[in-house]
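Structure, as structure tokens:
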Amino acid sequence: METISFAKPAAVLFLLALAACDGGSASFNPLPPGDPEPPDEPPAIAAEPAFLQLAFEQPLAMLQAPDDSTSWFVVEKAGAVWAFPDDPDATLNDVVLFADIRERVDSSPNEGGLLGMAFHPDFSTNGEVYLSYTRQVAGLESVVSRFGVDPATDALDESSEEVLLIVPQFAGN
């Protein structure tokens with residue numbers, strides 16, 4: 001009895017796939033049978049500048065709160081989150097500081113800083129926001145925390161931080 005090595009099944013599968021493609025002469029079509037062919041020309045897509053009067057320092061994310069398309073939030077690597085109205089004519093006068101955890105964040109590693117933000121799905125009723133950032137405590141750590149919004153200021157209450165996850169990082173990337 002012959003023992004089959006791992007290389008042989010892989011070679012057999014390759015040959016079967018090649019035979020299924022008519023010896024390699026047929027083109028591969030990823031669409032299931034019966035689906036229409038893709039168009040010859042892809043649709044025209046163009047990027048258009050938005051919010052031309054605004055500028056941010058190392059922005060990493062731009063998002064809106066659930067069920068609220070009236071404003072935008074921009075996350076900066078250093079640890080600030082800025083809010084402004086969804087108005088193409090918005091100016092720097094319209095931008096307000098929503099969160100400032102710069103004193104907690106270590107943004108010096110190339111892949112460090114305030115790296116992410118998510119709103120709780122029920123943000124409009126519970127005011128909960130999640131932030132992901134790196135910090136230096138006993139070495140570099142990645143942290144995921146939940147914060148609440150101060151109803152008096154409509155800004156993040158930095159003192160409400162509840163750390164949910166800490167992952168030690170052994171390198172800055």
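- Of all heavy-atom pairs between Val105 and Gly79, the closest is CG2-CA, 4.0 Å.
- Heavy atoms only, all atoms of each residue included: Leu60 and Leu114 are closest at CD1-O, 3.3 Å.
- For the 3.5 Å distance criterion, the side chains of Gln64 and Ser69 fail to qualify, holding no donor opposite an acceptor.
- Remark: side-chain polar atoms of Lys77 are paired, donor with acceptor, to backbone N or O of Asn110 under 3.5 angstrom.
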| Test ring-ring contact (aromatic ring centres under 6.0 Å, His included) applied to Phe84 and Phe73, step by step | CA-CA 7 Å; Phe84 60 93; Phe73 296 82; 8.6 Å; no
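- Of the options Val81, Asp100, Leu131, a side-chain contact (heavy atoms from CB on, under 4.5 Å) to Leu156 is made by Leu131 and by none of the others.
- Taking each heavy atom of Asp157 and Phe147 in turn, the nearest pair found is O-CD2, 3.7 Å.
- When every heavy atom of Glu57 is checked against every heavy atom of Glu76, the shortest pair comes out as N-OE2, 2.8 Å.
- In terms of the ring pair (Phe, Tyr, Trp, His ring centres under 6.0 Å) criterion, residue partners of Phe123 (sequence neighbours excluded) are, by chain and number, Phe119.
- In this model, a donor atom of one side chain and an acceptor atom of the other lie less than 3.5 Å apart for Glu161 and Ser145.
- Between Ala152 and Asp150, the shortest heavy-atom contact is N-OD1, 2.9 Å.
- In this structure, Gln58 places its CD atom where only 12 or fewer heavy-atom neighbours from other residues, nucleotides or ligands lie under 6.0 Å away.
- Between the OG1 atom of Thr134 and the CZ atom of Arg104 there is a distance of 13.5 Å, given to the nearest 0.5 Å.
- Taking Ile, Leu, Val, Met, Phe, Trp and Tyr as members and joining any whose side-chain heavy atoms lie under 4.5 Å apart, directly or through other members, Leu140 forms no hydrophobic cluster with any other residue.
- The OH atom of Tyr130 sits 6.5 Å away from atom CG of Leu164, with the distance rounded to the nearest 0.5 Å.
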(request) Before giving the answer on side-chain contact (heavy atoms from CB on, under 4.5 Å), spell out for Trp82 and Phe98 the whole-Å C-alpha distance, their side-chain angles and the decisive distance to 0.1 Å. (result) CA-CA 5 Å; Trp82 301 93; Phe98 174 74; over 6 Å; no
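- Closest of all the heavy-atom pairs between Arg135 and Val143 is NE-CG2, 3.4 Å.
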